[in-house]
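What follows is a short report on a single structure.
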Amino acid sequence: MTLDEAKTELTNLVLGVSPDAVLRYKKRGSDELAIRVYAPADHEDAIRDATRERSIALLTEHDLDVQILIYDISTSLPTEEGAE
């Protein structure tokens with residue numbers, strides 16, 4: 001699996017739980033990615049539940065370190081950096 005495929009898969013998982021979430025991406029080398037998720041605070045647990053196991057599998061099975069960082073969109077506005 002490539003980092004881009006992992007990014008797409010985790011993005012779809014996040015948006016499946018929180019369709020209005022705003023996502024920002026920051027690559028850190030060829031095998032690391034931080035996904036910043038700006039979503040309503042009450043979606044945080046659902047996003048974590050939806051992505052946790054897959055994130056761990058990506059790290060242990062594919063050596064891809066994809067971090068999901070969740071912010072309350074009502075208090076932390078997304079930056080334009082990393083927008084796609």
Rounded to the nearest 0.5 Å, what separation is found between the [atom1] atom of [X] and the [atom2] atom of [Y]?
X	Y	atom1	atom2	result
L33	R28	CG	CZ	8.5 Å
M1	L58	CE	CG	6.0 Å
D31	T2	CG	OG1	12.0 Å

- Validation row: L3, V66 side chains within 4.5 angstrom (heavy atoms):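 Answer yes - side chains close enough.
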
- Query: Linking Ile, Leu, Val, Met, Phe, Trp and Tyr by side-chain heavy atoms under 4.5 Å, what else ends up with I56?
  - Reply: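 Members other than I56 - counting any ILVMFWY side chain reachable under 4.5 Å - there are none.
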
- Nonpolar side-chain network containing Y71, other nodes, edges under 4.5 Å: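 Its cluster partners, ordered by chain and number, are V22, Y38, L69, I73.
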
- Message: Going by the rule salt bridge (charged side-chain N to carboxylate O under 4.0 Å, His left out), which residues pair with E32 if we only count those two or more places apart in sequence or in a different chain?
- Response: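 With neighbours one apart ignored, the set is empty.
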
- side-chain hydrogen bond (donor to acceptor under 3.5 Å, both in side chains) against S55, all qualifying residues, sequence neighbours excluded: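 Applying side-chain hydrogen bond (donor to acceptor under 3.5 Å, both in side chains) to S55 gives none.
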
- Task: With sequence neighbours left out, write down each residue that passes side-chain hydrogen bond (donor to acceptor under 3.5 Å, both in side chains) with D49, or none if nothing qualifies.
- Result: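 side-chain hydrogen bond (donor to acceptor under 3.5 Å, both in side chains) list for D49, sorted by chain: R52.
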
- Task: For residues E44 and I70, report the shortest heavy-atom separation together with the two atoms involved.
- Result: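 Smallest heavy-atom distance, with atoms named: O-CD1, 3.8 Å.
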
- Task: Sort and list the pairs that fulfil salt bridge (charged side-chain N to carboxylate O under 4.0 Å, His left out) and have at least one residue in residues 55-72, not counting sequence neighbours.
- Result: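 Matches after skipping sequence neighbours: none remain.
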
Show the atom names and distances, to 0.1 Å, of all donor-acceptor pairs under 3.5 Å that link a side chain in residues 8-17 to residues at least two apart or in another chain.
unit_1 : atom_1 : unit_2 : atom_2 : d
T8     : OG1    : D4     : O      : 3.1
E9     : OE1    : R54    : NE     : 3.4
E9     : OE1    : R54    : NH2    : 3.4
E9     : OE2    : R54    : NE     : 2.6
T11    : OG1    : K7     : O      : 2.7
T11    : OG1    : Y25    : OH     : 2.8
N12    : ND2    : T8     : O      : 3.3

